[in-house]
2 protein chains.
Amino acid sequence: MTSVSTEPRDTNGPTPATAPTGGSAAQRERRRRILDATIALAAEGGFDAVQMRAVAEQAEVALGTLYRYFPSKIHLLVSALAREFTKDVERSAVRATPGDTAHERIMYVLNRRTRALQKQPKLTEALVRAFMFADQSVTGEIHEVGTSLTTVIARAMHGTPDHGEVTEEEAAIIRIISDVWLSALISWVTGRMDTEDVEKSIDVAVRLLLR
Amino acid sequence: MTSVSTEPRDTNGPTPATAPTGGSAAQRERRRRILDATIALAAEGGFDAVQMRAVAEQAEVALGTLYRYFPSKIHLLVSALAREFTKDVERSAVRATPGDTAHERIMYVLNRRTRALQKQPKLTEALVRAFMFADQSVTGEIHEVGTSLTTVIARAMHGTPDHGEVTEEEAAIIRIISDVWLSALISWVTGRMDTEDVEKSIDVAVRLLLR
DNA sequence: GACTGATGTAGAACGTGTTACAAGTCTAGA
DNA sequence: TCTAGACTTGTAACACGTTCTACATCAGTC
């Protein structure tokens, strides 16, 4: 488990399928298989069960190929998280969020997501721990996740899929809510909070911030 | 790097010096040497440089002894963090925090601590990453850290070393501030925020929460 | 159709966290 | 003092993330 690499990993040439979209059809397909295998293993056994050899085998690629696509286990898991979150954002764009007040709508989307995560505790454990352990070299993927979360909350705040006008203050509030949500998630993953505590702590934060 | 152990590690008998206070004088001394070595190595090279063999060597104990005192690298680092934070709490108990408003006082203590951490980036990186990666088995140490932080903020809020009366709402606010502070610290450690961003994000959170 | 460079494969090898084990040492109580 | 048991030591072994090497395959170019 390496952590802070000051140099950005210089292999011989650019990596082939770092982005979800680039590369040939076969490469996108390999990337998909790898992330699917990652999710499957994580869902079954959590962070420890996502072993690089196991992922490679289940995705039917060589270990070296796996590392060519994702330069570390952390990149792999955070990329998986980013893919899942992106799906969520796409879903949330479809129709307006139910709820009469910003508070209700924000709680709606966050609780929905929280419960979805809690249904797969092992998977959540793996993804959250990876996210928290990520170092500088994972900035891109981390940012993707943060943007997804921000977008979803902003939409809920305004109650509409479009959310062009976010004031400075609103942005600050959204960031704080994200922080609280992530902290609560960690606490839940590590057994320091139960399901109810998570929802309550977010509810309190949203109430205090939106008054 | 193991993570979720459902069973609480059953060695042959109780561990000798899990608590800072228990054990013989020689054991407390060993514990101190181990934590000193940990801090020294972390300060110099960050998380990766805290290698269990290196810690054992520098603390002049056998590897097995190190593991008897601290059952994992994460326990070790979080315990080191807990020790540092506890020192801070003791210092903060001595005299009242400067500042005319709760906002000013809270910013004073948090900024002071933030700057202290930023002076030793490698050390902070090691401690924060360990804290974030900690799993269920580290609950005790984590809780110790959380309590320290809460105590310090509560004192600052009231402006006095005693802080018996913390309302439900105040406790919630303190928890949110802690969450924001930790998130900001992670962002700083992983290079996603600079020094100024950290202070600003906390300032905004405190302002929004205390209005 | 053959050449070439990028990509993929299989598997060995290395580093570090963690565990296991055999033997020495220290301490409390008889 | 002697002994039982806990504690410590030194060292080997194991697991898994990561890197490296030698070879195969494939796509595009002449």
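Residue numbers start from 1 in every chain, and the chains themselves are labelled A, B, ... in the order their sequence lines are given, proteins ahead of strands.
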request  = Nearest whole angstrom, please: distance from the P of dG17(C) to the OH of Y69(B).
outcome  = 21 Å

request  = Could you please name the option among dG17(C), dT19(C), dT7(C) that lies closest to any side-chain atom of R68(A)?
outcome  = dT7(C)

key: Nucleotide dG17(D), atom C1' - distance to CG of D48(A) in whole Å   = 12 Å

inquiry  = On DNA chain C, does the nearest nucleotide to M52(B) precede the nearest nucleotide to R53(A) from the 5' side, or the other way round? Give the residue.
reply    = R53(A)

ask   = Which residues satisfy the salt bridge (charged side-chain N to carboxylate O under 4.0 Å, His left out) test with R83(A), sequence neighbours excluded?
value = D36(A)

request  = Please check the phosphate of dT8(D) (OP1 and OP2 only) for any side-chain N or O of R30(B) closer than 4.0 Å.
outcome  = yes

Cationic tip of R113(A) above F85(A) ring, under 6.0 Å, 45° of axis = yes

inquiry  = Could you tell me how far apart L66(A) (CG) and dG8(C) (C1') are, to the nearest whole angstrom?
reply    = 12 Å

request  = Take the protein atom CZ of F133(A) and the nucleotide atom C1' of dG17(C), then report the distance between them rounded to whole Å.
outcome  = 12 Å

Of T65(A) and G64(B), the one whose closest DNA chain C nucleotide lies more 5' = T65(A)

task = Rounded off to whole Å, could you give me the CD-to-C1' distance for the E60(A) and dA10(C) pair?
result = 15 Å

query = Taking the six-membered ring of F47(B), is NZ or CZ of R129(B) closer than 6.0 Å to its centre and within 45° of its axis?
reply = yes

message = Within the 4.0 Å heavy-atom criterion, would you say E57(A) contacts the bases, only the backbone, or no part of the nucleic acid?
response = nothing

inquiry  = So V55(B), base contact, sugar-phosphate only, or nothing? Heavy-atom distance under 4.0 Å.
reply    = nothing

task = Mark yes or no for whether R105(B), through its side chain, and M157(B), through its backbone, hold a donor-acceptor pair below 3.5 Å.
result = yes

Which nucleotide in dT8(D), dG8(C), dG17(D) has an atom nearest any side-chain atom of K73(A) = dG17(D)

request  = Give the rounded distance in Å between these two atoms: CZ of F70(A) and P of dG17(D).
outcome  = 16 Å

task = Output the single nucleotide from dT18(D), dT7(C), dT18(C) whose closest atom is nearest the side chain of Y67(B).
result = dT18(C)

key: Side chains of L81(A) and L77(A) in contact at under 4.5 Å (non-hydrogen atoms)   = no

Nearest-neighbour nucleotide for the Q51(A) side chain, dT9(C), dG17(D), dT8(D) considered = dG17(D)

key: N/O (side chain, Q27(A)) to phosphate O (OP1/OP2, dA6(C)) under 4.0 Å   = no

inquiry  = Tell me the interatomic distance from L41(A), atom CG, to dG17(D), atom C1', rounded to whole angstroms.
reply    = 15 Å

inquiry  = Measure CG/L63(A) against P/dT7(C) and give the value in whole Å, please.
reply    = 18 Å

